[in-house]
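Shown next, in structure tokens, is the structure this report addresses.
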There are 2 protein chains.
Amino acid sequence: MKKERHTHIFALLERIGRLLTMEAHAEGLLPVHWEALRYLQRANRFSMTAAALTAYLGSTKGTVSQTLKALESKGLVKKRVKTNDRRSNHLSLTAKGRNLLRRDPLSDTVKAIEQLGTSTQTELNNGLEDLLSARLAMQNRQPFGQCRDCRYFAKRHPDGEPHYCLLLKETIAESETDSICFEQQPG
Amino acid sequence: MKKERHTHIFALLERIGRLLTMEAHAEGLLPVHWEALRYLQRANRFSMTAAALTAYLGSTKGTVSQTLKALESKGLVKKRVKTNDRRSNHLSLTAKGRNLLRRDPLSDTVKAIEQLGTSTQTELNNGLEDLLSARLAMQNRQPFGQCRDCRYFAKRHPDGEPHYCLLLKETIAESETDSICFEQQPG
DNA sequence: TCCTTTAGTATCGAGTCGAAACTAGTATTA
DNA sequence: TAATACTAGTTTCGACTCGATACTAAAGGA
């Protein structure tokens with residue numbers, strides 16, 4: 001940890017990422033399949049499309065199309081043509097897909113995170129957020145942050161009335177405010 | 001960041017890892033090729049073998065054998081049969097390999113790390129180290145830490161005499177103390 | 001209406017990946 | 001010493017990713 005500390009941090013990130021990938025060969029799925037399932041679990045209803053997933057993964061639409069085809073054929077994901085734009089599909093997890101996510105091979109890593117001290121968690125959280133947003137900004141990629149941290153999010157009174165998205169001009173349920181969105185802009 | 005903070009931290013790690021992988025398609029190499037080159041740059045002389053690389057990556061020997069064959073055919077890595085154990089190869093980067101590492105597509109991420117504040121760097125460093133060592137311990141994997149942090153490392157006086165590895169019973173040059181080792185045990 | 005853009009699919013070739021069978025040195029033990 | 005077990009690495013196989021490219025089809029402008 002003497003000189004070149006940034007290189008050391010990079011190596012840690014790289015190795016953790018590699019180990020996560022290698023562990024994610026499970027239940028007959030490949031790493032990218034699990035990532036797609038997890039994405040769909042975390043995305044809000046506007047972001048459950050192949051295009052949004054492509055941007056999230058930093059992949060290409062051809063590859064993502066293949067991935068989704070595999071997941072659909074296994075009965076884990078369902079496509080439904082959108083009524084307002086018939087080019088586009090709304091993706092959703094099936095009950096089987098949600099069920100399978102309970103056996104996510106990477107949940108051991110989540111447990112390892114839980115076992116860190118509270119202050120370590122906070123520091124790690126903030127460090128990773130800073131790094132990710134810096135890196136994403138360098139490439140003009142979307143952050144995929146949560147609704148509630150978005151500049152377009154209009155919070156309503158706690159009683160009754162739902163929240164609202166000023167960009168997409170749609171109401172947002174309380175339960176959706178933690179979901180991630182491809183249009184999110186922190187602010 | 002309300003509840004389920006560990007899940008959020010996990011998602012950050014996963015996405016950073018994915019983006020690193022996707023960026024590492026460059027110079028005609030695949031992500032795992034760059035990882036192997038970086039490993040060879042950081043490994044000490046005892047750890048420059050296919051078996052050590054396999055353990056580091058959490059991969060299998062067949063896959064790593066393929067990877068090394070590809071790198072050798074591109075003239076980036078050289079294999080030399082070890083004289084003491086003729087089953088085993090000593091791997092080394094060629095001049096061309098070292099040269100190519102200067103065009104590592106992931107060096108932009110290292111730059112992004114450099115741009116973080118000093119205290120953020122420290123916190124990120126410590127958080128990632130804690131997490132990685134916890135996770136590795138759960139699976140009985142080798143940490144691949146640095147010589148200088150190893151329980152078998154006997155530090156010599158700063159003048160003259162070289163350092164020494166109590167496990168492998170070999171001298172360690174000052175320049176090697178930052179390198180990573182497949183036998184390293186923190187202590 | 002023509003033209004462009006956008007969402008997604010289909011197909012190709014190179015190469016990963018895990019699994020399993022294999023070769024060939026080395027170490028153990030009878 | 002000879003049989004046996006173990007270890008380092010290679011080879012081959014099939015499934016699948018991945019980027020690239022060409023494609024279909026719907027939406028949106030001019």
Side-chain angles (χ1 to χ4, degrees), chain A residues 17-37 46-74 76-91 105 142 182-183, chain B residues 17-37 46-74 76-91 105 142 182-183:
Chain A
R18 163 64 52 175
L19 295 177
L20 290 179
T21 300
M22 289 315 207
E23 273 176 79
H25 290 264
E27 306 280 345
L29 297 191
L30 291 165
V32 73
H33 295 155
W34 288 104
E35 293 204 51
L37 293 179
F46 314 117
S47 307
M48 304 179 82
T49 65
L53 178 57
T54 300
Y56 181 82
L57 296 174
S59 185
T60 58
K61 55 187 183 173
T63 299
V64 170
S65 177
Q66 294 283 92
T67 299
L68 290 170
K69 195 168 79 173
L71 291 173
E72 199 181 15
S73 78
K74 286 174 201 288
L76 302 171
V77 165
K78 225 181 120 209
K79 283 180 211 172
R80 199 182 67 232
V81 173
K82 285 192 181 177
T83 46
N84 53 335
D85 183 343
R86 303 211 328 279
R87 287 171 304 182
S88 187
N89 292 318
H90 178 86
L91 307 172
Q142 289 123 292
F182 78 114
E183 291 284 17
Chain B
R18 163 63 52 174
L19 295 177
L20 291 179
T21 300
M22 288 315 206
E23 272 176 80
H25 291 265
E27 306 279 346
L29 297 191
L30 292 164
V32 73
H33 294 156
W34 288 105
E35 293 203 51
L37 294 179
F46 313 118
S47 307
M48 302 179 84
T49 65
L53 178 57
T54 300
Y56 181 82
L57 295 175
S59 185
T60 59
K61 55 187 183 172
T63 299
V64 169
S65 177
Q66 294 281 89
T67 299
L68 290 171
K69 195 168 77 172
L71 291 173
E72 199 181 15
S73 78
K74 287 174 201 288
L76 303 170
V77 165
K78 225 180 122 211
K79 283 180 212 173
R80 199 181 67 232
V81 174
K82 284 192 182 179
T83 46
N84 53 336
D85 184 343
R86 302 210 330 277
R87 289 171 302 181
S88 188
N89 291 318
H90 177 85
L91 307 172
Q142 289 123 292
F182 77 114
E183 292 283 18

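Chain letters run A, B, ... following the sequence lines, proteins first and then strands; every chain starts at 1.
With rounding to the nearest 0.5 angstrom, the CG atom of A:L71 is 11.5 Å from the CD atom of A:Q66.
No engagement by B:K82 is indicated, since no non-hydrogen atom pair under 4.0 Å with the nucleic acid exists.
Here A:R18 does not reach the OP1 or OP2 of C:dT16: none of its side-chain N or O atoms lies under 4.0 Å away. Taking side-chain N and O atoms only, A:T63 has no distance below 4.0 Å to OP1 or OP2 of D:dT17. OP1 and OP2 of D:dA20 both lie 4.0 Å or more from every side-chain N or O belonging to A:T60. A:S88 has no side-chain polar atom (N or O) that falls below the 4.0 Å cut-off from OP1 or OP2 of C:dT6. Between B:H33 and C:dT16 there is a side-chain polar atom (N or O) within less than 4.0 angstrom of OP1 or OP2.
When all heavy atoms of B:K82 and B:H90 are compared, the pair lying nearest together is CG-N, 3.9 Å.
Judged by distance alone, with hydrogens and angles left aside, the side-chain atoms of A:H25 form no donor-acceptor pair with the main-chain N or O of A:M22 at under 3.5 Å.
Atom-to-atom, NZ of A:K69 to C1' of C:dA7 comes out at 16 Å; the value is rounded to the nearest Å.
Remark: the B:R87 side chain and the C:dT26 base include no donor-acceptor N/O pair separated by less than 3.5 Å.
Exactly one of A:L37, A:T21, A:L57 qualifies for a side chain to side chain contact (heavy atoms under 4.5 Å, CB included) with A:V32. That residue is A:L57.
Where A:K61 and B:A52 meet DNA chain D, the nucleotide closest to each residue was compared, and B:A52 sits on the side nearer the 5' end. A residue-by-residue look at A:D85 and A:G28 shows that A:G28 has its nearest nucleotide of DNA chain D further toward the 5' end.
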